[in-house]
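Here is the structure we will look at, set down as structure tokens.
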Amino acid sequence: QVQLVESGGGLVQPGGSLRLSCSTSTFTLDGYAIAWVRQAPGKESEAVSCISYTYGFTHYADSVKGRFTISRDSAKATVYLQMNSLKPEDTARYYCAAGRDSLCGPGSWSRTAFDPRGEGTQVTVTV
């Protein structure tokens with residue numbers, strides 16, 4: 001089981017930016033698709049983005065499309081989520097999760113298949 005650690009969260013004003021990092025010191029991320037999943041109080045969890053390993057396919061939820069960018073640095077075993085133009089509704093705890101590479105395919109992704117196991121990092125967007 002891949003052990004992942006999220007970091008980079010914080011408090012930011014609307015319109016601001018943050019970059020989240022998902023890393024591992026106990027394993028390699030090679031071969032895995034990585035997804036970012038967020039959980040806001042009182043709301044269901046929402047997978048916001050994924051990136052595959054083999055071909056670098058990426059997908060985004062409609063709620064973040066055009067504002068968030070996912071990327072990965074295999075040499076550093078790290079996946080990033082660049083979040084721009086943040087809105088109060090982006091406030092949530094963000095988790096990353098590893099899954100089979102096929103879960104983040106060329107035309108679609110399995111948004112409910114990624115199961116976060118880490119502690120997450122809190123993102124709060126407020127004036």
Side-chain angles (χ1 to χ4, degrees):
Q1 183 175 337
V2 180
Q3 301 294 322
L4 302 176
V5 177
E6 304 91 346
S7 63
L11 178 66
V12 64
Q13 293 184 340
S17 298
L18 286 172
R19 188 177 79 159
L20 306 184
S21 298
C22 171
S23 61
T24 177
S25 60
T26 60
F27 209 71
T28 175
L29 296 182
D30 290 354
Y32 292 94
I34 303 296
W36 284 96
V37 180
R38 66 186 181 185
Q39 176 82 59
K43 296 185 179 180
E44 293 187 358
S45 63
E46 176 188 24
V48 297
S49 185
C50 73
I51 185 167
S52 72
Y53 170 73
T54 304
Y55 296 107
F57 300 126
T58 59
H59 294 282
Y60 300 91
D62 288 343
S63 58
V64 306
K65 198 171 293 183
R67 299 187 297 121
F68 290 11
T69 302
I70 192 170
S71 62
R72 67 191 299 160
D73 185 335
S74 294
K76 297 182 179 179
T78 302
V79 171
Y80 303 99
L81 185 68
Q82 178 67 43
M83 306 188 297
N84 297 329
S85 302
L86 283 163
K87 304 176 181 180
E89 50 263 45
D90 295 318
T91 295
R93 196 157 191 87
Y94 285 71
Y95 304 84
C96 58
R100 297 193 317 276
D101 209 29
S102 59
L103 295 177
C104 190
S108 64
W109 58 313
S110 298
R111 299 182 60 179
T112 59
F114 291 94
D115 182 22
R117 302 292 180 89
E119 297 184 356
T121 185
Q122 179 66 34
V123 172
T124 302
V125 185
T126 185
V127 298

Please confirm whether the backbone N or O of [Y] pairs with a side-chain atom of [X], one donor and one acceptor, at under 3.5 Å?
{"X": "Arg72", "Y": "Ser52", "answer": "yes"}
{"X": "Tyr32", "Y": "Ala97", "answer": "no"}
{"X": "Thr24", "Y": "Gln3", "answer": "yes"}
{"X": "Glu6", "Y": "Tyr95", "answer": "no"}

Which atom of [X] lies closest to which atom of [Y], heavy atoms considered:
{"X": "Cys104", "Y": "Ala33", "value": "CB-CB, 3.8 Å"}
{"X": "Ser63", "Y": "Glu46", "value": "OG-OE2, 2.8 Å"}
{"X": "Pro116", "Y": "Val37", "value": "CG-CB, 3.8 Å"}
{"X": "Asp30", "Y": "Tyr53", "value": "OD1-CE1, 3.3 Å"}
{"X": "Gly8", "Y": "Thr121", "value": "N-OG1, 3.9 Å"}
{"X": "Glu44", "Y": "Gln39", "value": "C-NE2, 3.8 Å"}

Open item on the list: If you apply the rule side-chain contact (heavy atoms from CB on, under 4.5 Å), what do you find for Leu103 with Cys50, and how did you get there?
Closed with: CA-CA 9 Å; Leu103 295 177; Cys50 73; over 6 Å; no
Task: Student check: side-chain heavy atoms of Ser17 and Val12 closer than 4.5 Å - done: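 When only atoms from C-beta onward are counted, Val12 and Ser17 do not touch, as no gap falls below 4.5 Å.
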Task: Heavy-atom side-chain proximity of Trp36 to Cys22 below 4.5 angstrom - done: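 Yes - at least one pair of side-chain heavy atoms lies under 4.5 Å apart.
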Same cluster (ILVMFWY, side-chain, under 4.5 Å), [X] and [Y]:
{"X": "Phe57", "Y": "Ile34", "value": "no"}
{"X": "Phe114", "Y": "Leu20", "value": "no"}
{"X": "Phe68", "Y": "Tyr80", "value": "no"}
{"X": "Val123", "Y": "Ile70", "value": "yes"}
{"X": "Val5", "Y": "Leu29", "value": "no"}

- [ ] Please name all residues satisfying side chain to side chain donor-acceptor pair (under 3.5 Å) with Ser74, sequence neighbours left out, ordered by chain then number.
- [x]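 In terms of side chain to side chain donor-acceptor pair (under 3.5 Å), with neighbours along the sequence ignored, Ser74 is linked to no residue.
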Tell me which donor-acceptor pairs under 3.5 Å the side chains of residues 86-93 have, and how far apart each pair is, sequence neighbours excluded?
from  : atom 1 : to     : atom 2 : distance (Å)
Asp90 : OD1    : Arg38  : NH1    : 2.9
Asp90 : OD1    : Arg67  : NH2    : 3.0
Asp90 : OD2    : Arg67  : NH1    : 2.7
Asp90 : OD2    : Arg67  : NH2    : 3.4
Asp90 : OD2    : Lys87  : N      : 2.8
Thr91 : OG1    : Pro88  : O      : 2.9
Thr91 : OG1    : Val125 : N      : 2.9
Thr91 : OG1    : Val125 : O      : 3.4
Arg93 : NE     : Glu119 : O      : 2.7
Arg93 : NH2    : Glu119 : O      : 3.4
Arg93 : NH2    : Gly120 : O      : 3.3

TODO: Could you tell me how the ring of His59 sits relative to the ring of Trp109: parallel (under 30°), tilted (30 to 60°) or perpendicular (over 60°)?
DONE: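 His59 and Trp109: parallel rings.
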Open item on the list: Checking Ser49 against Leu81 for the side-chain contact (heavy atoms from CB on, under 4.5 Å) test, could you report, in this order, the C-alpha distance in whole Å, the side-chain angles of both residues, the deciding distance, and whether it holds?
Closed with: CA-CA 8 Å; Ser49 185; Leu81 185 68; 4.2 Å; yes
